[in-house]
Structure formats: structure tokens, C-alpha cells
J.: 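Dropping the structure in here first, questions after.
Sequence lines set the chain letters: A, B, ... in the order given, protein chains first and strands last, and positions in each chain run from 1. On a predicted model such as this, the values are computed, not experimentally measured, just so you know.
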Number of protein chains: 2
Amino acid sequence: MPELLSQAEENYLKAIYKVSRRDGTPVSNNAISVEMQTSAASVTDMINRLSQKGLLNYQKRRGVSLTEEGYATATHLVRKHRLWETFLVDKLQFSWDEVHELAEQLEHIQSRELVNRLDEYLGFPRYDPHGDPIPDAEGLMAERQQVALSQLPVGQLAVVVGVKDHTTPFLQYLERTGLLLGVQLRVSERLDYDNSLQLVLDQGTTLLVSQKVGQNLFVQLK
Amino acid sequence: MPELLSQAEENYLKAIYKVSRRDGTPVSNNAISVEMQTSAASVTDMINRLSQKGLLNYQKRRGVSLTEEGYATATHLVRKHRLWETFLVDKLQFSWDEVHELAEQLEHIQSRELVNRLDEYLGFPRYDPHGDPIPDAEGLMAERQQVALSQLPVGQLAVVVGVKDHTTPFLQYLERTGLLLGVQLRVSERLDYDNSLQLVLDQGTTLLVSQKVGQNLFVQLK
DNA sequence: TAATAAATTTAGGCTAGTCTAAATAAAAAC
DNA sequence: GTTTTTATTTAGACTAGCCTAAATTTATTA
Ligand SMILES: [Mn+2]
Ligand SMILES: [Mn+2]
Ligand SMILES: [Mn+2]
Ligand SMILES: [Mn+2]
């Protein structure tokens, strides 16, 4: 039953999806208003409309959760967002730090057929340019056992598979330091003074990164 | 000075562009309301807003025309629309009768960079899947000396270069009869009874088409 | 020219989506 | 167990875009 949703409604759904993935419990009005950068009053308003449409479970003052339909709709939005980002990087040669805002627009284009053809055109990619998994046409996506770089035991070989922080400055930092997806590394030393990490990369080059960087990079054990 | 325009504002601009086709003569409120399928009151309302923004020249009860900026904006919308249609057909294998509605959505995506990269990715096409010229980044587009098939003298060799009617039924009719862009033909006979036309195509196959078809196909003399 | 028709504007109203300010409920701190 | 703080809802207002109905102006026709 894909009712037509406005872009505003879609953005709220996506925000609720995003916040609820972080913990799992019902999402507070407040968390949504922070994520959406709107007033709490606007959130209450929109929550009422979305639960009216059967996309949210909502009890006054007890938080909201996505219904089955709301979850599917949000997942489809994520699918579109990540496929468009992949298109922009793979086909139009955009850099991975330039595509998010564009995908925020493109994700609202309405056409299942277009999304599926785009998916096929891109070769059914499983991850987007930031390493985030792309849901398939049924809404299923890969779940990777990944860990923050800051949690990686010293000496353990691992490979960079994703970013937690998607902002342009962080992505450009990674670009300049060569700490990109697919790079293999190990932590050679953890410096107690400021929790910075001494890394040894692929070809033996070394790199010192701050705690903040370590917390925002996802790696997979090798 | 590309102020941010809403989709509604952009659609009105495009409608005015389409109705006026740069012939200078002011466009009537009524023509816009027919093109947009909205009430005359809504048109008056929007005209006021767009002339406020410097996109239209407007004097009460004397019709509107596009300003230089309004014209450039409308041309850019047409550029985006036609590039996206070309993308959908050339890259995603959509049929030419399926792409218009999708392009109506995609044309509102805001990013000069994206449009220019798409243009390059497509090889700087000069015509869209319907034979309509695509404005370049400066807003310039090819002007073809074309004539309606119904005007073509009997015996004159010509090639199909465009359609006047962009509706799905007409495009599907052309698809089924093989009367597609690039096909060479000549009119072997004009039947007085109903002004239908007997055509001889490329490989000598013949085809009888109604006056309505003749009026909605553009050809170029060979 | 006067009457009629068509086009346009004005007036007023509606919904979606936003806001601020105030009221109320729940949670945290004392 | 009060008090204070935070979260949430309510109330009221605003803009963009749309509408219908009525008023007004311009064009057409008798
Ligand atoms: Mn993104
Ligand atoms: Mn991404
Ligand atoms: Mn079109
Ligand atoms: Mn076209």
C-alpha cells in the first residue's frame, strides 16, 4: 500500500528509522526534533499525521516506533539514497564527500521501476560509497560484523569498511590521509596521553590518527 | 542570481516558456491556466510572485513575458528535463514513451554540477529521445528546419526528426508502426477523402497514416 | 452602441508544514 | 517527597499553493 508521501513525511520517516537503528527502543519526540532540526511542536504534528497513515505506532508521551509499512518505506528510501550515491560516484565521477546532499534530493523521486533499473545498471551493488549496505528490492541488506577502529586490539589486522561520520570534512580528511575503504591496517600502538592511534597501513606506511578519527571509522577483522 | 525556486514556481515558468516559445508576444493568464490545469485565480497569484522575483514582466490584464532571468531559468529546466529523458532511454533502457513523467520529477533536482556531469556522461547529446533539442550549459540549442509530415510535398524524400505530440499513445503508435526518429520516407500519395497519407519507408515498405499522425510528426527534407 | 461573453482580479477559505509561547506531564535532583 | 528541570502537547499564527465564488474589466457580437 504505498500511499503517496510528501518529501517532508519521507524525511521524518527516514529520521525515525535512523534514530531507532541507533538504540532499538521507541524513539523520543526529542530525538526526532534534534535529528530533523525542527521544533518539538512540528514533530508532534507530523507524528500524528504519520501514525494516522499507519506508518508509526504512537502513544502519547511514550515515543514512536515504525510499523511494518513504515519500516518498509524507510528502508526503500535508504535504498534509493544509497543507490543514487553509488551512481553519482561510480558513473558521474563525483567524490564520496560530494554526493550526500544530492542523494537527499534524488531519494524522493517516485518510481520503483527507476530504482530497480538503476540497481541493475550499477550491477546490484551491495554497499554504497561510504560502505553502508544497500537494501535490495525486498528491503534486505547485508549486515557486516564491523567494529570501530578505536576498539581494534593492538596488532590485529583489519580492513576499513565504513564511516560513522558522513560529513564532508571527515571524508576529505580520509581522502587526504589515504585511509579509504578497502585499506588494510593494524594498530601498532595506542597512545595513552590522548588515545590517539599509531597505524600501519597496507604497504607499511604509518599514520597517527586522533581518537575522534578512531571512533568514526569502521573496520572488519581479517 | 539563481534564487531558490519551488517546484511549483519552476513548473509555472516552464509552462510560460512553452506557451510563449520566445516569440515575444505576451502570454495570457488563460493560456497558462489551461497549460497548468489550475484555476485562473491561482495563476494570477503565482504570476504576482514570479514577477515580484524578477522572473516575469507583468502588467495587470496585459499578459506576461519572461524576463532575461526567467528565460534562462526556464531554458535550464528544459535542459535538465531533456538530459534526464536521454539518460533514462540511453542508459537505463526505458522506452521513449515512459520517460516524460519521470523527467518531470528529475528536472527539479538542484545542481548545476550534476547536470553538467550528466551531459558529459551522455556525450553531450544535442537531441532528446523525442527529437527535441537539448540546450547546452549556456542555454543555446540547435534549431532545426523541420516541417510537419502533413506539409511534405508528394515525392519529396525526408527523414523523421521529431514529434509534436508527446503523449504515450502516440509514441506507442509510432513504435508499433516503425515510424521512428531517423526513418527515411516519402509521401507517395495524398488521399483527398480524409487527408490521409500513403508513405513509402526506408526499405520500400508502405504505410498509410491519418492526417492526425501527419500533423504530429516532424520531418526534415533530404 | 448596447448587450453578452470571456478573461482577469479580488475576496475569502482550505491544507500542509512550519514556528513561538504557554500549559502540562514526566523525570531528575534535592 | 517536594522541587526543579526537561519533554511533550496545545494554542495560535504564519506562508505557500491551491480552490470557489463574486466582482470587474475587456472583447465579441447583435
Ligand atoms: Mn548520504
Ligand atoms: Mn552513503
Ligand atoms: Mn518530457
Ligand atoms: Mn522529450
J.: What is the separation between atom CG on B:Asn30 and atom C1' on C:dA7, rounded to the nearest whole Å?
T.: 6 Å
J.: Suppose the criterion is ring-ring contact (aromatic ring centres under 6.0 Å, His included): which pairs have a residue in residues 38-82 of chain A, not counting sequence neighbours?
T.: A:Tyr17-A:Tyr71, A:His81-A:His100
J.: Whole angstroms only, please: what is the CE-C1' distance between B:Met46 and D:dT15?
T.: 12 Å
J.: Which nucleotide in the set C:dT10, D:dA11, D:dG17 lies at the smallest distance from any side-chain heavy atom of B:Asp45?
T.: D:dG17
J.: Think B:Ser42 has a side-chain N or O under 4.0 angstrom from the OP1 or OP2 of D:dC19?
T.: yes
J.: List the residues meeting ring-ring contact (aromatic ring centres under 6.0 Å, His included) with B:Phe87, not counting sequence neighbours, and say none if there are none.
T.: A:Phe87, B:Trp84
J.: What residue pairs, at least two apart or across chains, pass ring-ring contact (aromatic ring centres under 6.0 Å, His included) with a residue in residues 24-44 of chain B?
T.: none
J.: So if I take residues 49-58 of chain B and measure heavy-atom distances to DNA chain D, which residues fall below 4.0 Å?
T.: B:Arg49
J.: Please tell me if the side chains of A:Tyr173 and A:Val213 come closer than 4.5 Å, counting only heavy atoms from C-beta onward.
T.: yes
J.: Pick base, sugar-phosphate or nothing for B:Ala8, based on heavy-atom distances below 4.0 Å to the nucleic acid.
T.: sugar-phosphate
J.: Residues in salt bridge (charged side-chain N to carboxylate O under 4.0 Å, His left out) with B:Glu35, at least two apart?
T.: B:Lys18
J.: For DNA chain C, whose closest nucleotide is more 5', that of B:Ala41 or that of A:Ala40?
T.: B:Ala41
J.: Mind checking salt bridge (charged side-chain N to carboxylate O under 4.0 Å, His left out) for B:Arg79 and listing every partner two or more places apart, or none if nothing turns up?
T.: B:Asp119
J.: Let's see if you can work this out: which of D:dT26, D:dT9, C:dT10 has an atom nearest to the side-chain heavy atoms of A:Arg61?
T.: D:dT9
J.: If you check every side-chain atom of A:Asn29, which of D:dT9, C:dT20, D:dC18 has the closest atom?
T.: D:dT9
J.: From C-beta outward on B:Ser6, which listed nucleotide comes closest to its side chain: D:dT10, C:dT10, D:dG17?
T.: D:dG17
